[in-house]
Amino acid sequence: MTSTFALVDCNNFYVSCERLFRPDLKNVPIVVLSNNDGCIVARSQEVKALGIKMGTPLFKVKNEIVKHGVEVFSSNYTLYGDISARVMQTLEQFSPHVEVYSIDEAFLDLSGINRPVAHGQNIRSTVMQHIGVPVCVGIAPTKTLAKLANFAAKKFTATQGVVDLTDSQRQKNLMNITPVSEIWGVGRKLTKKLQALGIETALHLAQADRRFVRQRFSVVLERTVCELNGESCLDLEKSPQPRQQIVCSRSFGDKLTQYGDLKQTVCEFAARAAEKLRSERQLALVVNVFIRTSPFDKAGPHYANAATGTLPVPSSDTRQIVDMCVRLLNTIWQEDYRYAKAGVILTDFCFPEDVQFELFEQPVGAATHEGALMRAVDAINHKGRGKVWFGGQRPRKDWYMKQANLSPAYTTQWDNIPLVK
DNA sequence: TCTGGGGTCCTAGGACCC
DNA sequence: TCTGGGGTCCTAGGACCC
């Protein structure tokens, strides 16, 4: 029996989250900004209609924002994460297998469902009723086609938010009017290269010779071609895969020029990365620290560098990781630059039970003294980060980050829960 | 003045081994 | 004069995603 996939995608997710607690903003144009209030990362329908593009730096469209009375929000990931979890939980009643693909999307296994469109409508109205977030549903025999169906469900209002692409003639009709750039897995670079070969629409790509595509591009794009032809190559991921990499990095609201300031941010990133690592119950072997000036900074010379180090044994101990990061930073730090961004990357993970320790080495894991200390630190910091920290870390949270228009944590902080009069 | 952050996968080329 | 071939592992970089 052939599979059926549904892609459920929240509409303008961050904007929808902000509107949940501000019904007065229902038809008001809204944007949500990236960290540091730098770029626009979510737009309401009204803002999209104004032609403001995703990822635009705020300062470039400041005049339009003011002119059209656009409401501006700093990003509130605590709120979005919590609403996302509620949406995903609601979706579980509609399928035995739900793959959470991103904060605002999930693939559902709808194999064997008799009336998929009715099922999709049911999903929409239930999520709206329970959570208050609008979603669209795309249904098709492959993930790539389900993505395409979802695109159509969003774009064409006559579909009422649900598109079923089970029928191959419908697939062709839609692909014929869809630019190749809209296909999942085709980004800016590939779009250009494909267009140069005369492949302009999704249908052109679907009809391309797959051996040619593999040879000229990659196995990834070859898979896309297969999926556009209804051959499922990408399965539902039934259980989330363990992470392979943890990154903690930020651009700074104000450029940093002092070693001490940069060191403190790097220590903070190291500590957060270690915390994430422990929540994954993994250990890391390799640590990378990078620092750089802004490529847009005309005031001074540019500098970017990174250093990689290997821990003596895989660890998730904040102190070991912080120590290593400071040593790495010292090898790349240079005076007289205006630093705009820094970060810590952990890689080469393993599980504590799989570690082969050197002779005479003391393992740093859950069973040891050090593990107990880390567990205690995590437990104390669990509700509201920053009660306990190690030397070198900045005690104040995000002191370097701009968040001028942050909404309250309506659903996760007692103080911020809305009152009903 | 002001330009995000956190991920994944694949590939080519060099190092190294026998 | 003559200087292999095949395999693996690692890394950096490039592409993509949301």
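All chains are named by letter (A, B, ...) in the order of the sequence lines, taking the proteins before the strands, and each is independently numbered beginning at 1.
Not one side-chain nitrogen or oxygen of A:Lys189 sits closer than 4.0 Å to the OP1 or OP2 atom of C:dG13. Look at A:Gln241 and you won't find any side-chain N or O under 4.0 angstrom from OP1 or OP2 of B:dT8. In terms of phosphate contacts, A:Lys255 brings a side-chain nitrogen or oxygen within less than 4.0 Å of OP1 or OP2 of B:dC2. For B:dG6, the OP1/OP2 oxygens have no side-chain nitrogen or oxygen of A:Arg243 closer than 4.0 Å. For A:Lys402, no side-chain nitrogen or oxygen approaches OP1 or OP2 of B:dG4 to under 4.0 Å. Considering only side-chain N and O atoms, A:Ser249 lies under 4.0 angstrom from the phosphate OP1 or OP2 of B:dG6. At B:dC10, one or more side-chain N or O atoms of A:Arg223 fall inside 4.0 Å of OP1 or OP2 (strictly under the cut-off).
Taking the ring axis of A:Phe107 as reference, the NZ or CZ atom of A:Lys143 stays within 45° of it and closer than 6.0 Å to the ring centre.
Comparing A:Asn35 and A:Phe59 by the nucleotide of DNA chain B whose heavy atom lies nearest to each, the residue mapping closer to the 5' end is A:Phe59.
Of the charged side-chain nitrogens involved, at least one lies within less than 4.0 Å of a carboxylate oxygen, so that A:Glu46 and A:Arg19 count as a salt-bridged pair.
The nearest whole Å value for the distance from the CZ atom in A:Arg292 to the P atom in B:dG4 is 8 Å. One atom, CD1 of A:Ile246, and another, P of B:dT8, lie 9 Å apart when rounded to the nearest Å.
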Margin query: Assess the residue pair A:Asp9 and A:Lys154 against the criterion (salt bridge (charged side-chain N to carboxylate O under 4.0 Å, His left out)); give the C-alpha distance rounded to whole Å, side-chain angles, the decisive distance to 0.1 Å, and a yes or no.
Written below: CA-CA 9 Å; A:Asp9 192 317; A:Lys154 283 220 167 81; 3.1 Å; yes

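Stacking of the aromatic ring of A:Trp184 onto the base of C:dC17 is not found under the criterion of centres within 5.5 Å and planes under 30°.
There is no side-chain donor-acceptor pair under 3.5 Å between A:Asn36 and A:Ser251.
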